[in-house]
Every structure is written in C-alpha cells, then in structure tokens.
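All remarks here apply to the structure that follows.
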Amino acid sequence: MKKAKERTIKSILQGSQEYLAKQGVDTPRLDAEVLLADLLQTERIKLYVNYDYPLNERELTILRKRLRQRARGKPVSYLTGKKEFMSLQLEVQEEVLIPRPETEELVEKVLEISQEQQWSSPRIVDVGTGSGAILVSLLYYIPQALGVGIDISPEALKVARKNLKKHGLTDRAAVLEGDLLEPLLPEKRGEVDIVISNPPYIPAAELEELSAEVKEEPVLALAGGEDGLVFYRKLIPQANDILKPGGLLALEIGQDQGETIGQIFKDSGWHDSQLILDGAGRERIYLAWKGKKGDGDRSS
Ligand code: GLN
C-alpha cells in the first residue's frame, strides 16, 4: 500500500499524466484530470482545491484500470460515459458515436435559422440520431419544438431515450427504429419543418486509417459506403418528400464532399442549397431549402 502522501490527488494526477504521456496519449494532463474528476464525482477545478486529498485503494484500482484502457485507445468519453454537447451533459456508450464540436456548429446554424424564420414550434426530424445529441439540443433550445429521432440501431435509440429523459424532453420527442426517413414516409409527407442529420460519411478506404480512438466508435456510425456518400444519395430525395415547402434540410458532411453533395442536390431537384465551412475552414455543413418563400421555380 502506498503512503498517504503518494496517494494524494496531486501526486496521482502527476503520475497518471506521466503514464499517459509515455503511452503516447495526446492530451495526458486533460485526460488524467477528466478521469480522476469522474471517479471522484467532482469537477476538474475541484481537484486543485483538494490537492492533498488521498485516494483510497478502491479508487486507485479503478483509476489504474481506466488509465490502462485509455492508453490502449479507448476514448475518455466511453470511460466516463459522458460528453458535453451544446453545454448539455449527455450520456454516451460504445453503441453511439461521441458527439463532436463540429456537430455543434451544425446545431448552432439551425438554431440561428429557426430564430430568423420565427419558427416557434417547428417539427424536427434527426436522422441517425445516435446518442440523440442533435435532437436533444434542438429541443432544449427551441422550447416549443417537436422532434423525432430515427436510428437503425436499437442500442443507439436506448441511449437517445436516456438523454431525452435526462433533459426532460420526452413529452416533445419520439424515437423510431429504421433506415433514414423510411419510418416516417409516406404518412408524414410535407409535414416537417427541419430535417437534420450527421450521417456516417467516411469512405470505405479511409476506415482503416482512422485513429485508434475513432476505431473504438461504432463502424455503423462512421462508414458511408464506398465513397462515403451513400446516405446522402438516399436521404436528400427522401427529405424533399417529407419537408414542407420552405422547410430546411441541414446536413453535416465530410471535408471535400461539398462539390459532390452539391451535385446530388441538383440532381434531386433542389435549387437552393448552400455549403458552409466549419471553424477550421473545412467543408462541413450543407443547408438546403425546399421551395423557399419568395423564390422562383423550386419544384423538382
Ligand atoms: N447524430 C449523432 C451525432 O451527431 C450521431 C451521428 C452518427 O452516428 N453518424 O453525434
């Protein structure tokens, strides 16, 4: 057993950081802090206030195990079961993609548009909802919105349900199992204001090159077929059927996919679409309007 002095938060943090750094983890200090704070059910900042607090044997055992898993490439969020998205705490499990900051930019864009359009209670569909990150945050920040999250993975839907419940949104949301918009077609034709999706978009040939961390995420949430675009080819025409005139389709896309996706929009009869770059200057978001008010011929 270690002496009390060697078991303080201060010295454990130091040791954990050194271990993770030696194992080639990119952000050793941050990861050590997040794992330790989670273990002690506290916030990172509090670790510093309690620098001399000694860990007990049980805590040390769990921490060591998590550090080893982290060193082997398991993402911190799967170890803590948590990820913050749009300032909301979400639960994540290995059955879902870990929500990304890039996707926050997509959600922010849609929140902005929803305000501009003065949509007070838009009907929203999140296709491939995964953890429910997009659906939960849109419903949270648009207090009268109604939403549906669809996913082909029943395990993912369990996580999405938990997150909706956690944020008190179950009254305004439903989740459906199925392929893209199929569960809503044909009944909801022309009834939806916003279709939003962050579909899997990694081309088959790039899957092998992903980092160890990303390889821990479900391939179902990443793989976009041969060229990464299979889901866009199906979803874009489906969205055209399900949206109201003036409705918005908002998509996250992979870098360098903008041109081809622009072409898919044209081929499917959309006349008003816009490519947006993310904070890092990469192609990331595609917005498209179905028959936006004041425009000319927009029907397909
Ligand atoms: N909609 C979820 C997210 O943005 C999951 C996306 C996915 O699994 N491709 O995080």
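When a ligand or atom number is given, it counts from 1 through the structure's own listing order. Small disclaimer: the values here were computed from a predicted structure and weren't measured.
- Electrostatic pairing of K74 and E94 counts as a salt bridge here, judged by a charged N lying under 4.0 Å from a carboxylate O.
- Comment: R29 engages E33 in a salt bridge, judged by a side-chain N to carboxylate O separation of less than 4.0 angstrom.
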Less than 3.5 Å apart, N/O on ligand 1 and N/O on the protein: could you list those pairs with the distances?
{"from": "ligand 1", "atom 1": "1 (N)", "to": "G128", "atom 2": "O", "distance (Å)": "3.0"}
{"from": "ligand 1", "atom 1": "1 (N)", "to": "T129", "atom 2": "O", "distance (Å)": "3.3"}
{"from": "ligand 1", "atom 1": "4 (O)", "to": "N198", "atom 2": "ND2", "distance (Å)": "3.0"}
{"from": "ligand 1", "atom 1": "9 (N)", "to": "N198", "atom 2": "O", "distance (Å)": "2.9"}
{"from": "ligand 1", "atom 1": "9 (N)", "to": "A221", "atom 2": "O", "distance (Å)": "3.0"}

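- Listed for the T61 side chain is a donor-acceptor partner under 3.5 Å among the backbone atoms of E57.
- Note on ring orientation: taking the six-membered ring where Trp is involved, the planes of W270 and F265 are perpendicular (angle over 60°, cut-offs 30° and 60°).
- Panel note: side chain E95, backbone K158; no donor-acceptor pair is recorded below 3.5 Å.
- Without hydrogens or angle criteria, S153 side chain to A156 main chain gives a donor-acceptor distance under 3.5 Å.
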